[in-house]
Amino acid sequence: MNPLDCLFKPRSVALVGASADEGRPGCVVFRNLRAFRGRFYPVNPHRTEIDGVPVYASVCDLPETVDLSVILRPAPEVPELLAAHAGKARCAAIVSAGFAETGSESLQREVVRLGRELGIRLLGPNCLGVFSPYQRLDTLFLPRERLKRPKKGNAAVVSQSGALLLCLLEALAFSGRGVSWGINYGNAADIDAADIYDYLAEERGTGVVISYLESVADGRRFVAAAERLAERKPLLILKAGKGESGQRAACSHTGRLAGKYEVFSSIMRQSGIREVSDFEELLDAGHALAVQRPSRGNRIGIVTNAGGLGVLAADECARHGIELPPLPEAVRQRLHENLPPFYSVANPIDLTGQVRDVEYLTALDSIRDEYDGFLVIAHTGVIGLSLRLAELLSAFRAVSGKPLVAHLTSGGITGGLAGRLEKAGIPVYPSPERAVRGLRLLLNNGEAPWG
Amino acid sequence: MGVTTETLRQFLAVRGNGGAFLEHEVKRLLRLVGMAVPAGIFIPAGETVPVPFPLPFPLVAKAALPGVSSKSDLGGVRLGIRDAAGLSAAVADIGKIPAAAGVLVEEMARPGVEVIVGGTVDPQFGPIVMFGLGGLFVELFRDVAFAMAPLDRAGAGRLVAATRGARLLCGYRGQPPVGMEPLLSVVMTVSELIGSGLIGEIDLNPVELYPDGALVVDAKMQLLPQ
């Protein structure tokens with residue numbers, strides 16, 4: 001058993017600060033945790049029950065040692081509350097704010113000291129805790145009617161910022177995608193990103209990790225854990241605070257050039273860890289990596305029925321150094337024989353507005369062995385396209401085993417088509433550029449060792 | 001502990017921790033740890049230029065200015081000195097710079113491919129090494145890469161390859177490729193110096209790279225801030 005199972009897969013959870021008052025965080029989390037699959041113990045010295053659930057006056061009264069205790073009381077009360085957890089909890093998520101992030105370093109040190117003394121691992125303080133649809137574990141103090149939760153999936157979301165965890169979860173939920181866990185570690189006084197990466201590296205239900213971070217306290221520890229994780233499964237990092245200076249009064253070139261972000265980013269790149277540039281790319285790339293395995297190579301083929309969209313995609317490829325090699329002569333000949341003469345047989349292959357579903361497959365089959373990945377662009381307003389395109393593309397993907405993503409314009413059949421493609425593990429993007437960025441992270445340039 | 005670290009420890013023990021390092025002191029250390037530096041003679045402030053001068057012309061004269069980042073901005077550098085008269089004039093001129101502790105006279109370095117190799121202590125990663133192509137590439141494009149010290153040979157290779165300008169090293173547009181082993185050796189040695197935890201900053205800028213070697217033309221070093 002992994003020591004952090006008590007945080008990720010608790011069998012029992014206590015909520016210190018459970019409340020019956022609508023509108024209080026302690027009430028929201030209480031309601032969330034009523035659905036928890038394990039044993040749930042609300043704690044509040046002023047209540048004996050809430051909504052018919054028995055409430056304990058103190059953690060000392062709990063009938064067992066809980067795996068996880070969620071502490072939702074003002075910061076100055078936390079040391080005393082934590083001290084009462086002796087022998088009663090294996091791990092505590094301190095949701096309360098008002099520690100190092102507001103300058104109360106000594107209060108945070110006190111809490112860390114207590115945790116060590118009592119053998120209780122700590123998440124936070126100043127964190128939202130954990131969300132897991134598999135165990136219906138939900139410590140987020142935002143009500144479900146205000147924040148849509150994602151369904152079950154294989155992507156773990158790891159965020160230093162609470163707000164960003166919420167934004168990422170909500171964006172995933174709205175696009176119908178699932179997560180294995182969402183976790184916000186806040187001030188990382190004890191459990192930090194490295195601990196979480198190590199856990200997720202071993203955890204079978206997680207296929208991809210998307211991680212937002214602003215700072216790392218111990219860069220070496222972080223890189224070592226990130227490397228271990230990235231060897232096992234895709235890890236995408238969005239690092240914010242890129243403009244932060246190294247704050248060095250240096251008289252050397254080295255000192256002046258060693259900006260905090262530049263150093264971080266350079267070290268990440270040499271370690272083969274993928275950084276994404278913004279929120280959108282974190283989601284787009286995470287989407288691609290949640291449904292497809294990355295493969296080696298950097299050469300893609302594009303099949304489109306809209307010339308302009310193909311050109312935009314080609315431009316985006318050029319920006320990222322993705323190659324669009326021309327079709328070999330033999331392939332050109334074969335396609336000329338099998339397609340109408342006015343189709344543009346190049347890379348991109350332009351099947352024009354006259355396209356019929358099956359011609360996408362004709363084109364893709366002919367270039368299957370020539371490229372490392374494929375982008376399909378479909379203007380869905382044309383008369384020759386139907387929902388059958390989804391079947392053909394998923395059949396092609398099953399045979400080729402190579403990365404394949406799609407961009408569909410918003411036409412009449414797009415909703416149905418996109419749904420079928422997504423179901424078949426082909427990510428669909430709302431613009432050609434975003435499709436290319438999604439595909440980019442599925443191609444390794446021969447660098448990263450995933451898969 | 002590596003040989004380089006031990007050499008640095010002894011160097012610091014003999015020299016003591018007082019004041020900033022002067023260029024000729026840093027170069028003495030670099031020579032001790034196996035790097036090539038131009039042949040040079042340090043003339044302390046107030047002392048006269050030896051006659052005849054024991055190094056062949058042309059020569060370069062540089063002000064020894066502790067803690068100053070750019071000697072040339074203060075008029076502290078004279079290049080291409082052709083004879084004894086020129087040398088006396090240059091040393092006298094540089095001697096007028098108030099803070100100059102002396103003048104370092106060196107043989108002119110042949111032009112090669114200029115690179116910068118440095119080390120500093122990063123708040124997140126501890127001792128780190130920097131590599132970049134020199135001149136405009138550093139000044140204008142900030143084309144540099146960083147890695148955690150110390151580095152083995154493979155790590156040093158990855159660091160060098162992480163810059164966009166790295167292909168200039170492999171022979172670009174008819175230029176002969178530079179010797180990769182001497183460069184990697186400089187990078188590894190700098191990584192061990194900064195990784196020793198005994199110094200706070202080191203800057204070899206520029207290092208001239210040739211097909212058959214690497215020459216450290218200018219060097220700065222600082223102790224850790226107390």
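The structure displayed is predicted, hence computed values, not measured ones.
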A:Q108 side chain to A:S104 side chain, donor-acceptor N/O pair below 3.5 angstrom = no
So does B:R142 pair up with A:E262, basic N to acidic O under 4.0 Å?
-> no
Does atom CZ of A:R116 have more than 12 heavy-atom neighbours from other groups under 6.0 Å away?
-> no
For B:I202, is it the side chain, the backbone, both, or neither that has a heavy atom closer than 4.5 Å to a heavy atom of chain A?
-> backbone
So B:V113 and B:L133, side-chain contact (heavy atoms from CB on, under 4.5 Å) or not? Walk me through it.
-> CA-CA 8 Å; B:V113 177; B:L133 271 287; 3.9 Å; yes
Determine the option with the most heavy-atom pairs under 4.5 angstrom with chain B, choosing from A:S266, A:S265, A:A217.
-> A:S266
Region of A:F222 that comes under 4.5 Å of a non-hydrogen atom in chain B = neither
